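Quick notes on the structure that follows.
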There are 2 protein chains.
Amino acid sequence: MRWNKLEDEACSVARTVSVIGDRWTLLILRDCFLRVRRFEEFQARLGVTRPILASRLRKLVKDFVLAKVPYQERPLRYEYRLTQKGLDLYPIVMAIVHWGDIHMAGKKGRPLLHQHTNCGKTFDPVMICSECGEPLSPKQVHVHRGPGAASPRHMPADVPAGDRKQRRPVRSSRAHP
Amino acid sequence: MRWNKLEDEACSVARTVSVIGDRWTLLILRDCFLRVRRFEEFQARLGVTRPILASRLRKLVKDFVLAKVPYQERPLRYEYRLTQKGLDLYPIVMAIVHWGDIHMAGKKGRPLLHQHTNCGKTFDPVMICSECGEPLSPKQVHVHRGPGAASPRHMPADVPAGDRKQRRPVRSSRAHP
DNA sequence: AACCCAGGTTCAATAAGAAAACCAACTGAC
DNA sequence: GTCAGTTGGTTTTCTTATTGAACCTGGGTT
């Protein structure tokens, strides 16, 4: 399969992977969330070769994840900033960080700690259901076809519904449309 | 930079990316969460070449994300099942799906809908702070060095702490140790 | 015996990535 | 004015990874 065909697949994972499913791209995005913005800074921190970095940044700009904005004139210089679409990748990056913290940390513990400035505490990211607020587990989720489904190829086996509780919904910044 | 050096980096993103930071690997994991378990089924659904699929499955087994368990004898055949370490990737996969749903869905809408069997509703995954329960936004998170930090190279600029509220912590299945 | 199945491996051709050098537009120091 | 320095790249060559097709193994079926 060619990678440009991937974004046409009727699967949100495939479409997302066509944008960020590359090792260097994910590391570039990590640095974006750490406020890195310039070519030379990415290059120095990541150790990536310059041609690869240039091609990845170009692609992220093309996909509207980053925007190239001038930070000075004469000589005209640009920096790369996360767009809203890019900022929305934060849960993915945090989920990746958390998994690494739990499963890949060395004996010394985590490399970084995250402090939530709202509550002031060191925290872990937790993924919950927007409707009932409970933490999500794969076995409690039943997947079925949406309006954008193409073929029944990607459908899973059916899973019986369990007990049901009630809670107030959590207003996500970006809920299902 | 060589990819085997990546897992030695003092960064949880780099370490996680050394395991799952590959396009095919992420698609394989998507299918794992859709209860796909066998070589031929992965191959048919993904359209990946057989040598790549074999190499990715081998690596996921080596990294204890998947386990190869026999489902019959004579002829002896194995299937690939998510371990607990693999199941813990669920928030990453859900975050990827959700971003694709929001930013990459076609005109027809989402390919798949997720129903939470606990509450019975179609939901979106929301990432919250384990301590105060508020949805996370990148600008409200201050990163600082943890015990496993190596060099100060990967540190971000400081961000002032905002207002502080109080809430009860959410017990994540896997909190910070 | 002849053929099918699941789960791979082997091999040649092609695409992508790495390393090092080079380029261009401008600055500021001398 | 020229000479080195800075930033943000491109070019070139070499090495590695991926693709596509075919083949293999250890069984079972008719």
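Lettering follows sequence order; numbering is per chain, from 1. Heavy-atom basis, side chains included; hydrogens, waters and symmetry copies ignored. Since the structure is predicted, the reported quantities are computational estimates derived from the model, not experimental observations.
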**Message:** Which is more 5' along DNA chain D, the nucleotide nearest A/Pro51 or the one nearest A/Glu79? Just name the residue.
**Reply:** A/Glu79

**Message:** Do the side chains of A/Asp124 and A/Arg110 get close enough for a salt bridge, i.e. N-O under 4.0 angstrom?
**Reply:** yes

**Prompt:** If you group Ile, Leu, Val, Met, Phe, Trp and Tyr whenever their side-chain heavy atoms sit less than 4.5 Å apart, what else falls in with A/Tyr78?
**Reply:** A/Leu76

**Request:** Could you encode protein contacts along nucleotides 22-30 of chain C as a string, one character per nucleotide from 5' to 3', using B for base contact, S for sugar-phosphate-only contact and - for no contact, with a heavy-atom cut-off of under 4.0 Å?
**Result:** ---BSS---

**Asked** Looking across every strand, which nucleic acid part, if any, lies under 4.0 Å from B/Tyr80 by heavy atom: base, sugar-phosphate, or nothing?
**Response** sugar-phosphate

**Item:** Length of the line joining A/Glu40:CD and D/dT10:P, which is rounded to integer Å
**Value:** 13 Å

**Prompt:** Should we say atom OH of A/Tyr71 is surrounded by more than 12 heavy atoms from elsewhere, each under 6.0 Å from it?
**Reply:** yes

**Prompt:** Do A/Met94 and A/His114 touch side chain to side chain, with heavy atoms closer than 4.5 Å?
**Reply:** yes

**Asked** Can you list the residues that meet the side chain to side chain contact (heavy atoms under 4.5 Å, CB included) rule with B/Thr83, with sequence neighbours excluded?
**Response** B/Ala67, B/Lys85

**Asked** How long is the line joining CG of B/Asp22 and C1' of D/dT16, in whole Å?
**Response** 14 Å

**Asked** B/Arg23 has an atom CZ; how far is it from atom P of D/dT18, in whole Å?
**Response** 11 Å

**Asked** So do the side chains of A/Leu60 and A/Ile28 get within less than 4.5 Å of each other, counting heavy atoms only?
**Response** yes

**Item:** Separation of D/dT7 C1' from A/Arg37 CZ (nearest whole Å)
**Value:** 17 Å

**Item:** A/Thr16 side-chain N/O to B/Gly100 backbone N/O, donor-acceptor pair under 3.5 Å
**Value:** yes

**Prompt:** In whole angstrom, what separates B/Ile52's CD1 from C/dA15's C1'?
**Reply:** 12 Å

**Request:** Figure out the CG/P separation between B/Leu53 and C/dA6, and round it to whole Å.
**Result:** 14 Å

**Message:** Does D/dA17 have its OP1 or OP2 closer than 4.0 Å to a side-chain nitrogen or oxygen of B/Trp24?
**Reply:** no

**Request:** State which residues pass side chain to side chain contact (heavy atoms under 4.5 Å, CB included) with B/Val36; sequence neighbours excluded, sorted by chain then number.
**Result:** B/Asp31, B/Glu41, B/Phe42, B/Arg45

**Item:** Members of residues 55-72 of chain A that approach DNA chain C, where some heavy atom sits under 4.0 Å away
**Value:** A/Arg56

**Message:** Between P on C/dA6 and CZ on B/Arg38, what's the gap in Å once rounded to a whole number?
**Reply:** 8 Å

**Item:** Qualifying residues under side chain to side chain contact (heavy atoms under 4.5 Å, CB included), relative to A/Leu26, sequence neighbours excluded
**Value:** A/Ile20, A/Ile96, B/Val17

**Item:** Spacing of A/Gln43 atom CD relative to D/dT6 atom P, expressed in whole Å
**Value:** 15 Å

